[in-house]
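Below: one structure, written as structure tokens.
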There are 2 protein chains.
Amino acid sequence: MSEAKKESKQGKIRAQSEAKILAAAQEEFILQGYRGATVQSIADRAGLPKANILYYFKNKENIYHAVLEQTLDMWDEGIGDIDAADGPKVAIEKFIASKVRMSFKHPSASKIYAMEIIQGAQHLKEFARTYLRKWVRDKAALFQTWIDNGEMAEVDPYNLIFLIWSTTQHYADFETQILTVMNRADYEQEDEEQVTQFLTDFILRGCGLK
Amino acid sequence: MSEAKKESKQGKIRAQSEAKILAAAQEEFILQGYRGATVQSIADRAGLPKANILYYFKNKENIYHAVLEQTLDMWDEGIGDIDAADGPKVAIEKFIASKVRMSFKHPSASKIYAMEIIQGAQHLKEFARTYLRKWVRDKAALFQTWIDNGEMAEVDPYNLIFLIWSTTQHYADFETQILTVMNRADYEQEDEEQVTQFLTDFILRGCGLK
DNA sequence: ATAGAGATTAACCAAATAGTCAAAAAAACT
DNA sequence: AGTTTTTTTGACTATTTGGTTAATCTCTAT
């Protein structure tokens, strides 16, 4: 009876506030780092008084954890599973496309993730050790099968996965640098398509699939 | 008479202390971010009292600037200039090799740089707008020449440069993730060679040069 | 030896910041 | 309408931290 409370009415204000806070916090954590992002600055960006922030999240670290969790959920959705049934060509095409889409649609998530890893993955060690390691192992094995079957060139599957990750995420993480170098203010809609096209062509060729 | 002081004896202690401080600061800035790295923590890591740090660098921001400058100098050396006379194959080989070497020899420099860019390049805007933009434009033009001459496949030169940057730097910036996923404690010597080999093969193939 | 420049360091301070609290306002429920 | 629960918010506090100061020490040159 009282179990569903969280989802019914009471949850609405809470959910709204939490979302506003998390969005503000994500930006502040990117721009200022964990320590540099003050609860006050998050409050200001969210347009709420500081004490209200601490009412929804017990403390600053909880905010950060929530932001990270949100980021991992997004990673999970956006990863674009590699499907064995597709065969190497289509599988790689799909994988690249969904990773590029993630980078252009949610650059902030990618940036938070990147910062966390660069700083030593203090909060993601567990995620990397379990979930991620298994994911990479599985997909690498799949690539290896295709290689053994002569369906693609002999490329080290692990390094191939790293290559796809790095190239696709680069457009999110290094957004600022790319835009500055290209003398542009923002990405345009066609940029995503153009990048997808470039990476797909290039990587398929690298895999001997084109 | 007193002009050469800095280089003679008195400069020795100063140079030594500054180097120790910069090394400590670099690590702290990576691990904790700018705001999270306290002068005290830098002092502890350098094995010096806090007041001594502030004696050599007027304030915390000066320390950070010095670390960044050091990083850019290293970038400058390690960039491995692309030589037009080499032709595309050798030029790309050389470029990849020197970037990979940088990533394995000086991962911290790469990490500092990456964080700065992710955080909006507050302190590197000028560098990117002038030096970097020109560098990329020049090299892109060179690639274009080779393409027009039919010496390599038609790949967008800008995206090619970004691809080489992202893939090579990934081994420095995401060191923690790669090691965790591969279930390893440290890079071995042969890793650098193996990665160089992989990337060279793959990218040359992508450029239609193999 | 000794004067003077540079180096070291403990003690101190003002500002910033995470987190608490209590009281009031708003919403939800009966 | 009244009661309870949730939300909002200003005021307060303990702690951390960047930076200063002044006193001492060390080194070098004459």
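A note on names: the letters A, B, ... follow the listed sequences, proteins ahead of strands, and every chain is numbered from 1. On a predicted model such as this, the values are computed, not experimentally measured, just so you know. Because only heavy atoms are used, hydrogens play no part in the values below, and waters and symmetry mates are left out as well, while side chains stay in.
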| note | A:Phe57 atom CZ is separated from D:dT7 atom P, nearest whole Å, by 12 Å
| Derivation of the salt bridge (Lys or Arg N to Asp or Glu O under 4.0 Å) call for A:Lys94 and A:Asp83 | CA-CA 9 Å; A:Lys94 279 191 190 172; A:Asp83 190 348; 5.3 Å; no
| field | Rounded interatomic separation in angstrom, taking CG from B:Leu48 and C1' from C:dT8 | value | 10 Å
| said: I want to check one thing: is the phosphate of D:dG19, taken as OP1 and OP2, less than 4.0 Å away from some side-chain N or O of B:Tyr55? | reply: no
| message | Among residues at least two apart in sequence or on other chains, which ones pass salt bridge (charged side-chain N to carboxylate O under 4.0 Å, His left out) with A:Arg137? | response | none
Check nucleotides 17-23 of chain C for protein N or O atoms closer than 3.5 Å to its own N or O atoms and list the pairs.
{"residue": "C:dT17", "atom": "OP1", "partner": "B:Arg35", "partner atom": "NH1", "Å": "3.4"}
{"residue": "C:dT17", "atom": "OP1", "partner": "B:Arg35", "partner atom": "NH2", "Å": "2.9"}
{"residue": "C:dA18", "atom": "OP1", "partner": "A:Lys60", "partner atom": "NZ", "Å": "3.1"}
{"residue": "C:dA18", "atom": "OP2", "partner": "A:Val39", "partner atom": "N", "Å": "3.0"}
{"residue": "C:dA18", "atom": "N7", "partner": "A:Lys50", "partner atom": "NZ", "Å": "3.2"}
{"residue": "C:dG19", "atom": "OP2", "partner": "A:Lys60", "partner atom": "N", "Å": "2.8"}
{"residue": "C:dG19", "atom": "N7", "partner": "A:Lys50", "partner atom": "NZ", "Å": "3.2"}
{"residue": "C:dG19", "atom": "O6", "partner": "A:Lys50", "partner atom": "NZ", "Å": "2.8"}

| query | Can you check whether A:Asn52 has a side-chain N or O nearer than 4.0 Å to OP1 or OP2 of D:dT8? | reply | yes
| Nearest-Å distance, CD1 (A:Ile53) to C1' (D:dT8)? | 11 Å
| field | Over-ring placement of B:Lys111 relative to B:Phe29, 6.0 Å and 45° cut-offs | value | no
| request: Name the orientation class of the two ring planes belonging to A:Tyr158 and A:Phe162 (parallel below 30°, tilted from 30 to 60°, perpendicular beyond 60°). | output: tilted
| Is the phosphate of C:dG6, meaning OP1 or OP2, less than 4.0 Å from a side-chain N or O of B:Tyr56? | no
| field | Rounded distance (Å) that lies between atom P of D:dT9 and atom CG of A:Asp44 | value | 13 Å
| said: Nearest whole Å is fine: how far is D:dG19 P from B:Tyr64 OH? | reply: 15 Å
| Donor-acceptor pair, side chain of A:Glu116 and main chain of A:His123, under 3.5 angstrom | yes
| Would you say D:dT6 has OP1 or OP2 under 4.0 Å from some side-chain N or O of A:Arg14? | no
| task | Please report, rounded to the nearest Å, how far the P atom of D:dC27 is from the CD atom of B:Gln16. | result | 13 Å
| Would B:Lys99 count as a cation-pi partner of B:Tyr171, with NZ or CZ less than 6.0 Å from the six-membered ring centre and within 45° of the ring normal? | no
